[in-house]
Amino acid sequence: SGGGSGLGLSMSKYLVELGANIVILSRNEEKLKKASEKLSEVSDSSIVQYYACDVRDGENIESIVTNVFDDFKALDGIINNAAGNFISPTEKLSHNAFSSVIDIVLKGTCNLTLSFGKKCIEKKQKGKILNIITTYALTGSGYVVPSAAAKGGVLSLTKSIAAEWSKHKIYCNAIAPGPFPTEGAWTRLFPKIFSTFIDIEKKLPLKRFGNHQELANLAAYLLS
Ligand code: HXC
Ligand code: NAP
């Protein structure tokens with residue numbers, strides 16, 4: 001999910017380079033179309049498909065997963081990468097603002113996970129689930145409270161599903177990245193004015209942001 005931009009696109013690109021067929025999902029159809037064309041140029045032999053959808057719509061996600069299983073005869077793994085986030089003092093959030101983020105991150109991950117897991121169990125097929133969380137899923141973080149709460153929920157979901165579905169050979173892991181430059185995250189979380197009073201990169205233990213290929217390598221390993 002969210003495979004048409006940012007880290008999702010970088011992971012998709014590397015999986016295609018490694019020979020995978022891939023299906024990317026997100027809301028913006030134009031963005032998905034452009035990303036699919038770019039991904040198709042990476043390899044002649046890989047099939048790249050896209051579906052414009054909202055991960056919050058569980059019924060639609062279920063029918064997309066069914067289509068993918070039918071089209072490809074199998075679906076080996078999913079990456080729950082779609083997310084919504086923005087910085088805001090928590091007391092300024094409306095109820096809808098809070099639930100928008102929770103619904104995309106936590107409910108969206110539940111929707112895709114459940115649809116995929118049900119099919120794998122029904123077809124007696126093994127599967128890999130990879131959830132993209134973030135470091136503050138473990139520590140909490142002010143000013144991104146809906147995201148922190150939702151990512152914490154996804155961490156618990158990851159451990160719980162791993163415990164319950166390993167008997168079906170469905171393996172569930174999460175990656176908790178620190179900051180990696182992407183347009184989606186940077187425009188919403190690190191507005192330009194920040195750089196006038198804080199050098200975020202210098203605050204990091206390695207004094208540098210993540211490189212997209214580093215994440216793609218780990219994602220490919222966990223899906224392999
Ligand atoms: C306060 C805000 C807000 C903001 C939106 N809202 N932006 N409130 N501050 N900056 C409120 C709106 O007023 C509305 O409430 C409610 O949130 C829903 O907004 P919509 O725009 O109608 O929702 P929707 O179109 O569903 O968009 C969802 C979104 C948007 C989350 C608000 O930002 C989005 O589409 N994001 C997708 C991509 C994304 O966020 N990428 C960054 C991931 S980075 P009312 O009450 O007015 O109706 C990431 C990094 C983690 O996760 C770690 C980094 C280190
Ligand atoms: P991004 O490009 O904004 O990625 C978010 C993706 O999710 C977009 O492709 C977006 O596409 C999709 N999406 C959002 N809401 C959706 C919905 N309701 N239904 C379907 N798709 C939806 O930002 P990113 O930085 O690459 O983030 C990717 C993941 O990495 C997220 O889980 C994020 O929390 C995590 N992460 C990022 C960082 C970082 O520093 N960049 C650090 C830690 C964790 P549409 O707009 O087309 O729907």
Side-chain angles (χ1 to χ4, degrees), residues 1-8 11-12 23-28 51-65 68 75 77-121 127-166 168 170-180 182 184-185 188-189 215 218-219 222-223:
S1 64
S5 65
L7 295 176
M11 289 186 279
S12 301
V23 182
I24 56 175
L25 321 171
S26 82
R27 297 162 300 175
N28 183 331
Y51 286 89
C53 64
D54 193 317
V55 289
R56 289 170 282 194
D57 181 347
E59 279 180 22
N60 195 24
I61 292 298
E62 184 132 14
S63 72
I64 290 169
V65 168
V68 173
L75 174 56
I78 56 170
I79 307 182
N80 284 300
N81 164 80
N85 201 0
F86 46 76
I87 47 167
S88 172
T90 305
E91 66 277 14
K92 294 204 170 150
L93 294 174
S94 67
H95 291 284
N96 189 36
F98 214 108
S99 43
S100 293
V101 173
I102 300 273
D103 286 354
I104 298 170
V105 175
L106 181 54
K107 199 174 151 207
T109 301
C110 292
N111 286 337
L112 193 51
T113 300
L114 189 58
S115 303
F116 175 67
K118 279 179 178 177
K119 277 275 172 211
C120 288
I121 293 166
K128 300 280 166 65
I129 299 169
L130 177 58
N131 297 328
I132 306 301
I133 54 169
T134 182
T135 48
Y136 61 58
L138 294 100
T139 61
S141 176
Y143 303 97
V144 282
V145 167
S147 170
K151 295 285 193 185
V154 175
L155 175 59
S156 183
L157 176 80
T158 306
K159 292 175 177 177
S160 307
I161 290 286
E164 187 180 333
W165 284 354
S166 59
H168 299 296
I170 299 170
Y171 301 125
C172 187
N173 285 287
I175 299 177
F180 282 68
T182 67
R188 291 178 179 89
L189 300 178
L215 181 77
L218 180 54
L222 290 172
L223 286 170

*Asks:* Measuring from I161:CD1 to H168:NE2, what's the distance to the nearest 0.5 Å?
*Replies:*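 I161 CD1 to H168 NE2: 10.0 Å, rounded to 0.5 Å.
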*Asks:* Could you pull out all residues at least two apart from F180 that satisfy side-chain contact (heavy atoms from CB on, under 4.5 Å)?
*Replies:*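 F180 satisfies side-chain contact (heavy atoms from CB on, under 4.5 Å) with L7, P177, H212, L215 only.
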*Asks:* Mind listing the closest non-hydrogen atom pair of A148 and S141 along with its distance?
*Replies:*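 Distance-wise, the nearest heavy atoms are CB-N, 4.0 Å.
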*Asks:* Once you round to the nearest 0.5 Å, how far does CD1 of I129 lie from OG1 of T158?
*Replies:*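 The CD1 atom of I129 sits 8.5 Å away from the OG1 atom of T158.
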*Asks:* Give, for atom OG of S5 and atom CG of N28, the distance between the pair rounded to the nearest 0.5 Å.
*Replies:* 9.0 Å
*Asks:* Heavy atoms, side chains only, cut-off 4.5 Å: are V65 and K118 in contact?
*Replies:* no
*Asks:* Return each pair, listed once, that meets side-chain hydrogen bond (donor to acceptor under 3.5 Å, both in side chains) where at least one residue sits in residues 79-90; pairs must be two or more places apart or across chains.
*Replies:* N80-T113, N80-N131, N85-Y136, N85-S147
*Asks:* So, for L222 and K128, which heavy atoms are closest and what is the spacing to 0.1 Å?
*Replies:* O-CD, 3.7 Å
*Asks:* Contact between N60 and Y51 at the side-chain level, heavy atoms closer than 4.5 Å - yes or no?
*Replies:*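 The answer is no, as the side chains (C-beta and beyond) never meet within the 4.5 Å cut-off.
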*Asks:* Between V68 and F116, is a side chain to side chain contact (heavy atoms under 4.5 Å, CB included) present by the stated rule, with each step listed?
*Replies:* CA-CA 10 Å; V68 173; F116 175 67; over 6 Å; no
*Asks:* Roughly how far, to the nearest 0.5 Å, is CE of M11 from CG of L218?
*Replies:* 10.0 Å
*Asks:* I need the I133 CD1 to L138 CG distance, nearest 0.5 Å.
*Replies:* 5.5 Å
*Asks:* Looking at every heavy atom in both C172 and A162, which two are closest together, and how far apart are they?
*Replies:* O-CB, 3.6 Å
*Asks:* Kindly give the heavy-atom pair with the smallest separation between I79 and L112, and that separation in Å.
*Replies:*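 So the minimum-distance heavy-atom pair works out to O-CD2, 4.4 Å.
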*Asks:* List the atom pairs, with distances to 0.1 Å, where a side-chain N or O of residues 98-109 and a protein N or O form a donor-acceptor pair under 3.5 Å, not counting sequence neighbours.
*Replies:*
{"residue": "S99", "atom": "OG", "partner": "H95", "partner atom": "O", "Å": "2.9"}
{"residue": "S100", "atom": "OG", "partner": "N96", "partner atom": "O", "Å": "2.8"}
{"residue": "T109", "atom": "OG1", "partner": "V105", "partner atom": "O", "Å": "2.5"}

*Asks:* How long is the span from the CG atom in N173 to the CG atom in L223, to the nearest 0.5 Å?
*Replies:*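 Nearest 0.5 Å value for the CG-CG distance: 9.0 Å.
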*Asks:* Which atom names give the shortest non-hydrogen contact between K151 and A83, and what distance separates them?
*Replies:* NZ-CB, 4.0 Å
*Asks:* Between C110 and L157, does the side chain to side chain contact (heavy atoms under 4.5 Å, CB included) criterion hold? Intermediate values first, please.
*Replies:* CA-CA 8 Å; C110 292; L157 176 80; 4.2 Å; yes
*Asks:* If I compare all heavy atoms of C120 with all of G127, which pair ends up nearest, and what's the gap?
*Replies:* SG-CA, 4.4 Å
